[in-house]
Visitor: 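Structure incoming, see below.
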Number of protein chains: 2
Amino acid sequence: MKDNAKDKFVRTWGEMASCWGINKTMARIHAQLIAADAALSTDELMESLAISRGNANMNLRALVDWGLIRRVSVGSERREYFQAEQDIWAMGCRIARERKKREIEPVIGALEECLKESGDPKFNRKLAELLELVRTVDNVLGRLARQERSAVMPKVLAVLKTMA
Amino acid sequence: MKDNAKDKFVRTWGEMASCWGINKTMARIHAQLIAADAALSTDELMESLAISRGNANMNLRALVDWGLIRRVSVGSERREYFQAEQDIWAMGCRIARERKKREIEPVIGALEECLKESGDPKFNRKLAELLELVRTVDNVLGRLARQERSAVMPKVLAVLKTMA
DNA sequence: TCATACTTTCAGAATATTATGAAAGATAAC
DNA sequence: GTTATCTTTCATAATATTCTGAAAGTATGA
């Protein structure tokens with residue numbers, strides 16, 4: 001019997017990919033690496049996920065870029081291996097940080113420009129409210145991203161209490 | 001001079017679409033309706049965004065489905081008009097609620113199944129941590145989605161204080 | 001009932017995204 | 001240097017997503 005639970009996990013993570021803002025194969029590689037006990041090589045990933053070398057390379061690079069996995073050397077081998085960030089909360093922080101940087105910050109800049117250029121007071125009010133909303137999200141993500149590993153959970157729990 | 005600020009806003013919102021989990025045209029229609037003072041008809045949107053009737057219809061339906069806009073009648077006219085939710089924070093809550101329902105909840109279910117089926121203790125620990133993370137996000141979104149309009153901001157601000 | 005005014009559908013077209021794999025580029029050991 | 005091993009690139013292919021527009025559907029009222 002193959003390890004169905006891990007396979008199902010890889011599939012699930014792949015389907016949830018769009019939610020994290022990454023593509024499906026990238027998420028499947030990530031999942032495979034999270035589930036693995038040891039670091040895996042490109043060839044191992046190519047085989048287990050049935051993807052081409054180019055595809056594997058591209059997505060591994062993107063994952064490294066996001067800070068979700070890292071390259072590791074194994075012994076004296078020439079080959080590169082990859083390992084997922086093992087601390088799940090740190091992973092969450094990474095995702096928060098990247099999405100803030102890639103998606104939220106540019107929008108704030110653009111909305112600020114709109115606000116500067118618009119002369120219509122009604123529209124300005126709407127823009128200002130939108131900006132407030134987006135800035136708040138930005139702020140929350142920014143603070144999350146800066147947290148130390150163990151500090152996150154208690155704070156989030158405290159927050160939840162205040163929200164009945 | 002055309003209203004450049006509004007046009008820029010429509011473009012910006014369209015580009016940020018993937019971040020909200022909706023498609024570009026859907027976001028542009030949404031932006032147009034946010035920026036508009038009055039409700040707009042399908043034909044007005046088709047013209048100003050240069051899109052086909054089918055496309056407009058499809059995306060308007062999706063926006064209604066998300067609860068981001070609603071159909072309104074204007075006077076005794078036969079034609080339907082559309083209007084964006086005017087309260088920006090309510091809009092944010094809607095988005096939170098829909099994404100929770102569409103994306104987070106199914107993942108929680110799937111991860112729970114993985115956990116049930118897996119016999120590997122190491123993997124189980126990782127799954128449990130992931131579940132905790134995803135459930136926390138779910139929890140936060142759920143509470144946000146249930147808030148009354150004016151109640152959201154103070155609470156979020158209070159939260160931010162606790163996070164230094 | 002028919003004509004009118006509008007909405008919805010959906011097969012096919014257009015576009016955008018992702019994947020392939022062979023070739024070129026590295027790097028290390030000899 | 002040369003060979004062997006591994007990585008990266010990129011033109012092309014495959015796939016997935018989104019859009020179009022004409023035809024079919026629906027409601028209204030004369």
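Note that these values count all heavy atoms, side chains included, but never hydrogens, waters or copies made by symmetry. Order of the sequence lines fixes the chain letters, A, B, ..., with proteins taken first and strands second; residue numbering starts at 1 for each chain.
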Visitor: D:dC19 P sits how many Å from B:Ile51 CD1, rounded?
Guide: 8 Å

Visitor: Heavy atoms of chain A, cut-off under 4.0 Å: which first and last nucleotide of DNA chain C, 5' to 3', fall inside that, if you could look?
Guide: C:dT18 to C:dA28

Visitor: For A:Arg53, which contact category applies under a 4.0 Å heavy-atom criterion: base, sugar-phosphate, or nothing?
Guide: base

Visitor: Let me spell it out: for each of B:Ile22 and A:Gly54, pick the nucleotide of DNA chain D with the closest heavy atom. Which residue's pick is nearer the 5' end?
Guide: A:Gly54

Visitor: Hey, which sits more toward the 5' end of DNA chain D by its nearest nucleotide, A:Tyr81 or B:Met26?
Guide: A:Tyr81

Visitor: Mind calculating the distance between CZ (B:Arg71) and C1' (D:dT26) to the nearest angstrom?
Guide: 13 Å

Visitor: Under 4.0 Å between any heavy atoms, over every strand shown, what does A:Asn55 touch: base, sugar-phosphate, or nothing? Just pick one.
Guide: base

Visitor: Quick one: do the A:Asn124 and A:Ser118 side chains pair a donor with an acceptor below 3.5 Å?
Guide: yes

Visitor: Does a donor on one side chain and an acceptor on the other come within less than 3.5 Å for A:Asn139 and A:Arg143?
Guide: yes

Visitor: In whole Å, I'd like the distance from the CG atom of B:Asn57 to the P atom of D:dT20.
Guide: 13 Å

Visitor: Atom CZ of A:Arg79 to atom C1' of D:dT7: distance rounded to whole Å?
Guide: 12 Å

Visitor: Rounded to whole angstroms, how far apart are CG on A:Leu45 and C1' on D:dT7?
Guide: 14 Å

Visitor: Are any of the side-chain nitrogens in B:Glu98 or B:Lys101 under 4.0 Å away from the carboxylate oxygens of its partner?
Guide: yes

Visitor: Where each residue is assigned the nucleotide of DNA chain C containing its nearest heavy atom, which of A:Ser52 and A:Ser76 is assigned the position nearer the 5′ end?
Guide: A:Ser52

Visitor: Is a donor from one side chain sitting under 3.5 angstrom from an acceptor on the other, for A:Thr12 and A:Glu15?
Guide: no

Visitor: Let me know the distance between CG of B:Asp43 and C1' of D:dG21, rounded to the nearest Å.
Guide: 14 Å

Visitor: Report the distance from atom CD of B:Glu47 to atom P of D:dG21, rounded to the nearest whole Å.
Guide: 15 Å

Visitor: Measure from the side-chain heavy atoms of B:Asn59 and tell me the nearest of D:dT9, D:dT26, D:dC19.
Guide: D:dC19

Visitor: Can you label the angle between the B:Phe123 ring and the A:Phe9 ring as parallel, tilted or perpendicular, going by 30° and 60°?
Guide: perpendicular

Visitor: Between the base of D:dT5 and the side chain of A:Arg78, is one N or O donor paired with an acceptor at under 3.5 angstrom?
Guide: yes

Visitor: In terms of side-chain heavy atoms, does B:Ser48 have a donor or acceptor partner in B:Gln32 at a distance below 3.5 Å?
Guide: yes

Visitor: Determine, for A:Glu85 against A:Arg94, whether the closest basic-nitrogen to carboxylate-oxygen distance falls under 4.0 angstrom.
Guide: no

